[in-house]
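Everything on this sheet refers to the single structure shown next.
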Number of protein chains: 2
Amino acid sequence: MTTPATRALPAADETARPTLAAVAARAGVSASTASLAFSGSGPVADDTRERVLAAARELNYGGPDPRARSLRTGRSGIIAVVIEDRIRDAFSDPMMVALLDGIADELGQAGYSLLLLTDSDDRPVGGLRDASMDAALLLGCSTDLDPAVAVLSQRQVPLIGVEAREREGMHRVDLDNRAGMRTGAEHLHALGHRRVGVITLPMDRAHTRGPLTAEWEAESDAYTGLERLAGVRDVYPDAPAEVAAGSLIDEGHRAALALLQRNPELTAIVAQSDLLALGAIQAADELGLTVPDDLSVLGFDGARIDGLSIHRLTTLVQPIVEKGRAAARMALAALAGEPVADVAFTSELRLGTTTAPPRADSAR
Amino acid sequence: MTTPATRALPAADETARPTLAAVAARAGVSASTASLAFSGSGPVADDTRERVLAAARELNYGGPDPRARSLRTGRSGIIAVVIEDRIRDAFSDPMMVALLDGIADELGQAGYSLLLLTDSDDRPVGGLRDASMDAALLLGCSTDLDPAVAVLSQRQVPLIGVEAREREGMHRVDLDNRAGMRTGAEHLHALGHRRVGVITLPMDRAHTRGPLTAEWEAESDAYTGLERLAGVRDVYPDAPAEVAAGSLIDEGHRAALALLQRNPELTAIVAQSDLLALGAIQAADELGLTVPDDLSVLGFDGARIDGLSIHRLTTLVQPIVEKGRAAARMALAALAGEPVADVAFTSELRLGTTTAPPRADSAR
DNA sequence: CTGAAAGCGCTTACAG
DNA sequence: CTGAAAGCGCTTACAG
């Protein structure tokens, strides 16, 4: 019989989280058996399992502590997703959201969760250097990815880069950015356009705006933007380019105004994203230019954008969700110790209503 | 002297990740000292620290294993963010992105990273039940939050709900949804509107569309939507409501058409979000109704939406980023063992150009 | 300033 | 089907 005094003791420690050992003790089994009862990965008598689960319920045990499990198994169940910008900048791009959706879907099915990390390593603790992760996916980090790659590869974390240039120790999911844009540029050329300008994605980490000079281009490490630019240059070697501060409608608007002011002779604009293209169309409207008659506009992405179905953009459609899925599967393969093959996706020209032959008299 | 044979041996195990113990051994110090050298949290001679770091470099040691650290310290450095929908649905809402931005900023500074989780617990493993986390923030989970709360509170994870109804064991960041909407409705009433309709956020987990019936409303658990509706009903008790499938322009468009078709007498529409309001304005344009002369439109959020500056929406502005920061700080306080006080934010009516007195002759 | 020891809470061979 | 033992890789009192 327990005396009142005994009863008044620690009282099963209501505050501290109960452990598997406590549950096992209460159920009258060993810790190993209790563990098996929870994981379901070993042979346990139904009766025994019931007793363990009942004990867990009584102690209000919430299941094995993932920290301990992960130390023991060597797996955390976490895959890091490294984005370049602040969260708000990254996720204001619907393509990034769609990419993440593909990743999360594939990884979620495999029992993994996503840890959101930023590659700016300006925090004293936490982040790239200290976070638990089984693998890392580097997204949209076209610029200045090296520090993140260095930290993570030193940690021996399997690395998958989505549209990043080749780097040692990193697997890649790529897109035919250059070939796609070349196809788009050829389409414009076939229509008769000879004076074409480009609105590019950011060319540096600071997201500087302005006309792209040769020096700037030479020192830029913005993989996707440079590849897409190269595709246009394959057809229009001297196409002037204006750099936007992000893939945003407002940025496309601003860049188009700047581009057309500097180069009034342009009959077509190639935007490196659909959002930029939509901004360019807005700018054309404001300038009294009819799209496509006065100005053709070509996009890239094939994004589906809420609330905007007015113009059917001529654009390069990329399989964005599939790209995310592929990146996720590569991480999973790497974790399974399987060989990982790099993947390259293809974009496809979709003709819309925003490109047409230039006016015969186009003085512009 | 090492013989060739000796040299050919396991070679410091190139494949296995080196441990702190290995680094300590190489540096000729104890594991404790090596640990101190890395964490910088104890008194270590400069000279000793150098030796440890040098040994780490030689062995290509990437720093202490976060799994082990987290078991030992009881902290994972991870805060979970639980969203209701698929990632794509959640992040297509700019308010959610801004909220997350506030959270990430505050948490990042404190050295925590965000783990993205979905409250649909249909996965066999991973997710709510197994992921490591020090605390969890529940976002936009107005409907059907109970299972997630049950799992997490059983795990004794501190819980912060953003705009969720009161629940045991959960701290809350709230917004004056009802009072805000009442203010907006009073504004419309003062302008002379007597026949006002509402476009609501989703009322169930399935995101069903359609006219909101009394039964549906009674059984709904959509906290934010119901509160905002109540605010309108405080002024217009019989206002008809159309339920949208999400906070999207296209949904506002569809809902407005349905609402106006069923209730052609309406002179104003209250939308429960700015995106819904923009869709309603699009619909009005299509129907040949001028906003605000033929139809006033009121929004909620004060969102800044890329590419859309045509209409200056009359809306209730909420401090969304601050809401995120507050939620993050509450999690931090809970982890520090400090008392956590619930917080309620206030929205403010911002007059734009989308509300005006109804036409004197308004037969509609 | 440094080291020896304990232990965080599990899971996994290994015996029986 | 069940249990005893070892150990995942750290950090943290505690001595010295």
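Numbers restart at 1 for each chain; the letters A, B, ... are given by sequence-line order, proteins then strands.
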Do the side chains of Arg172(B) and Met330(B) get nearer than 4.5 Å, heavy atoms only?
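Answer no - side chains too far apart.
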
Find out whether Val52(B) and Val23(B) are in side-chain contact, i.e. whether some heavy atom of one side chain is under 4.5 Å from a heavy atom of the other.
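They are in side-chain contact.
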
Whole Å only: how far is the [atom1] atom of [X] from the [atom2] atom of [N]?
X: Asp130(A); N: dT11(D); atom1: CG; atom2: P; value: 10 Å
X: Leu36(A); N: dG3(D); atom1: CG; atom2: P; value: 11 Å
X: Arg69(A); N: dC8(C); atom1: CZ; atom2: C1'; value: 16 Å
X: Leu20(A); N: dG9(C); atom1: CG; atom2: P; value: 11 Å
X: Phe38(B); N: dT12(D); atom1: CZ; atom2: P; value: 15 Å
X: Arg67(A); N: dC10(D); atom1: CZ; atom2: P; value: 17 Å
X: Arg17(B); N: dC8(D); atom1: CZ; atom2: P; value: 14 Å
X: Arg75(B); N: dC10(D); atom1: CZ; atom2: C1'; value: 17 Å

Looking at the side chain of Leu71(B), which of dG9(C), dC10(C), dG3(D) is the nearest nucleotide?
dG9(C)

From dC10(D), dT11(D), dT2(D), nucleotide with atom closest to Ala68(B) side chain
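It is dC10(D).
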
Range-with-range stems of DNA chain D (Watson-Crick or G-U pairs under 3.5 Å, three or more in a row):
C:1-3 with D:14-16, C:5-12 with D:5-12, C:14-16 with D:1-3

Once salt bridge (charged side-chain N to carboxylate O under 4.0 Å, His left out) is applied, what residue pairs with a partner in residues 29-54 of chain B remain, sequence neighbours excluded?
none

Pairs where residues 22-39 of chain B contributes a residue and the test salt bridge (charged side-chain N to carboxylate O under 4.0 Å, His left out) is met, not counting sequence neighbours:
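Checked against salt bridge (charged side-chain N to carboxylate O under 4.0 Å, His left out) - neighbours excluded - the pairs reaching residues 22-39 of chain B are Arg26(B)-Glu58(B).
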
Would you indicate what [X] reaches in the nucleic acid, counting non-hydrogen atoms under 4.0 angstrom: base, sugar-phosphate, or nothing?
X: Tyr61(B); value: sugar-phosphate
X: Pro43(B); value: base
X: Thr19(A); value: sugar-phosphate

Give me, pair by pair, the N or O atoms of the protein and of nucleotides 4-7 of chain D that are less than 3.5 Å apart, along with how far apart they are.
residue, atom, partner, partner atom, Å
dA4(D), N7, Ser32(A), OG, 3.4
dA4(D), N6, Ser32(A), OG, 2.6
dG7(D), N2, Arg72(A), NH1, 3.4

All N/O pairs under 3.5 Å across the protein-nucleotides 14-16 of chain C interface:
none

Contact residues, residues 45-55 of chain B to DNA chain C [heavy atom, < 4.0 Å]:
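Listed by number, they are Ala45(B), Thr48(B).
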
